[in-house]
Enquirer: 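Pasting a structure here, questions to come.
Side chains are part of it too, since the values below use all heavy atoms of this structure and drop only hydrogens, waters and symmetry mates.
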Amino acid sequence: METAKRIYRPDELQPSIPIHPGEMLKDELDARGISQRRFAAIIGMPYTAFNEIINGKRPITIDTALKIEAATGISADIWRGLQSDYDMQAARHDSKLTAILENIRKAAAVL
């Protein structure tokens, strides 16, 4: 018996846990053999603040994305896009917001 293949919508293809762009930046630095402390110094950022980005406790701002771009050659648009995607995924996993959105959908369905 052949199983029917399901086609997923893009909003259904979300990781079970949002991945912060700091994790990807950490991987990039590891691949280049650059320490977090050295990279933070290169981009003129306090190490503690940079480490919070790497550990997903602080977002990659526009200014920081531009500094990362200048140091790595990886477009600031990519870093900001990753941050935006992370923020959206985190919001979708917020149970309070999910309940509010569900109530809005129910109210809008009768319009």
Side-chain angles (χ1 to χ4, degrees):
M1 184 170 142
E2 191 173 316
T3 304
K5 292 184 180 180
R6 181 163 187 245
I7 299 173
Y8 293 91
R9 295 186 324 259
D11 64 318
E12 293 178 306
L13 299 174
Q14 300 294 331
S16 59
I17 299 172
I19 300 169
H20 191 277
E23 187 175 331
M24 293 173 221
L25 180 55
K26 180 184 183 307
D27 291 345
E28 184 64 30
L29 296 181
D30 290 346
R32 293 175 186 236
I34 301 171
S35 73
Q36 292 178 32
R37 193 170 298 279
R38 181 167 177 241
F39 192 80
I42 289 169
I43 65 171
M45 184 174 210
Y47 169 73
T48 54
F50 185 72
N51 185 259
E52 288 177 355
I53 290 172
I54 295 295
N55 290 315
K57 297 179 183 192
R58 181 182 287 237
I60 295 179
T61 63
I62 292 170
D63 291 353
T64 303
L66 289 167
K67 291 174 183 180
I68 295 168
E69 176 186 76
T72 64
I74 299 171
S75 171
D77 292 332
I78 290 174
W79 295 112
R80 286 297 299 157
L82 291 169
Q83 184 66 53
S84 180
D85 291 346
Y86 171 80
D87 293 342
M88 186 66 71
Q89 291 171 17
R92 288 184 192 279
H93 283 84
D94 181 316
S95 59
K96 288 181 184 177
L97 180 58
T98 300
I100 291 168
L101 296 175
E102 189 56 36
N103 286 336
I104 293 169
R105 287 185 189 100
K106 287 177 184 175
V110 297
L111 299 178

Enquirer: Just grab all the salt bridge (charged side-chain N to carboxylate O under 4.0 Å, His left out) pairs involving residues 16-25, residues at least two apart or on different chains.
Expert: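 Qualifying pairs, neighbours excluded: none.
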
Enquirer: For R32, enumerate each residue passing the side-chain hydrogen bond (donor to acceptor under 3.5 Å, both in side chains) test, keeping only those at least two apart in sequence or located in another chain.
Expert: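 Scan of R32 (side-chain hydrogen bond (donor to acceptor under 3.5 Å, both in side chains), adjacent residues dropped) gives E28.
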
Enquirer: Which residue pairs pass the salt bridge (charged side-chain N to carboxylate O under 4.0 Å, His left out) test with at least one member in residues 62-80, sequence neighbours excluded?
Expert: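 Listed by first then second residue: nothing to list.
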
Enquirer: Can you tell me how far the CZ atom of R92 sits from the CG atom of L101, to the nearest 0.5 Å?
Expert: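 Here the rounded value is 8.5 Å.
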
Enquirer: Taking only residues two or more places apart in sequence or in another chain, which ones pass side-chain hydrogen bond (donor to acceptor under 3.5 Å, both in side chains) with D87?
Expert: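 Applying side-chain hydrogen bond (donor to acceptor under 3.5 Å, both in side chains) to D87 gives Q83.
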
Enquirer: If I take atom CD1 from residue I78 and atom CD1 from residue I68, how far apart are they, to the nearest 0.5 angstrom?
Expert: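 So the CD1 of I78 and the CD1 of I68 are separated by 11.5 Å.
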
Enquirer: Can you run down the ring-ring contact (aromatic ring centres under 6.0 Å, His included) pairs that involve residues 21-44, sequence neighbours left out, and say none if there aren't any?
Expert: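 Those involving residues 21-44 are F39-F50.
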
Enquirer: Would you mind listing every side-chain hydrogen bond (donor to acceptor under 3.5 Å, both in side chains) that reaches into residues 95-111, with sequence neighbours excluded?
Expert: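 Every candidate side-chain hydrogen bond (donor to acceptor under 3.5 Å, both in side chains) pair involving residues 95-111 fails, so no pair, neighbours aside, qualifies.
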
Enquirer: Output all residues satisfying side-chain hydrogen bond (donor to acceptor under 3.5 Å, both in side chains) with T64, sequence neighbours left out; order by chain, then residue number.
Expert: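 Once residues adjacent in sequence are excluded, the partners of T64 under the side-chain hydrogen bond (donor to acceptor under 3.5 Å, both in side chains) criterion are T61.
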
Enquirer: Does I62 sit in a hydrophobic cluster with other residues, and if so which ones, taking ILVMFWY side chains as linked at heavy-atom separations under 4.5 Å, directly or through other members?
Expert: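 Listed partners: L66.
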
Enquirer: Going by the rule salt bridge (charged side-chain N to carboxylate O under 4.0 Å, His left out), which residues pair with D30 if we only count those two or more places apart in sequence or in a different chain?
Expert: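 Partners of D30 under the salt bridge (charged side-chain N to carboxylate O under 4.0 Å, His left out) test: K26.
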
Enquirer: Would you list the pairs meeting side-chain hydrogen bond (donor to acceptor under 3.5 Å, both in side chains) in which at least one residue belongs to residues 37-53, sequence neighbours left out?
Expert: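 Sorted pair list: Q36-N51, Y47-N51, N51-N55, E52-R58.
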
Enquirer: Supply the atom-to-atom distance L25 CG to I54 CD1, rounded to the nearest 0.5 angstrom.
Expert: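 The distance works out to 4.0 Å.
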
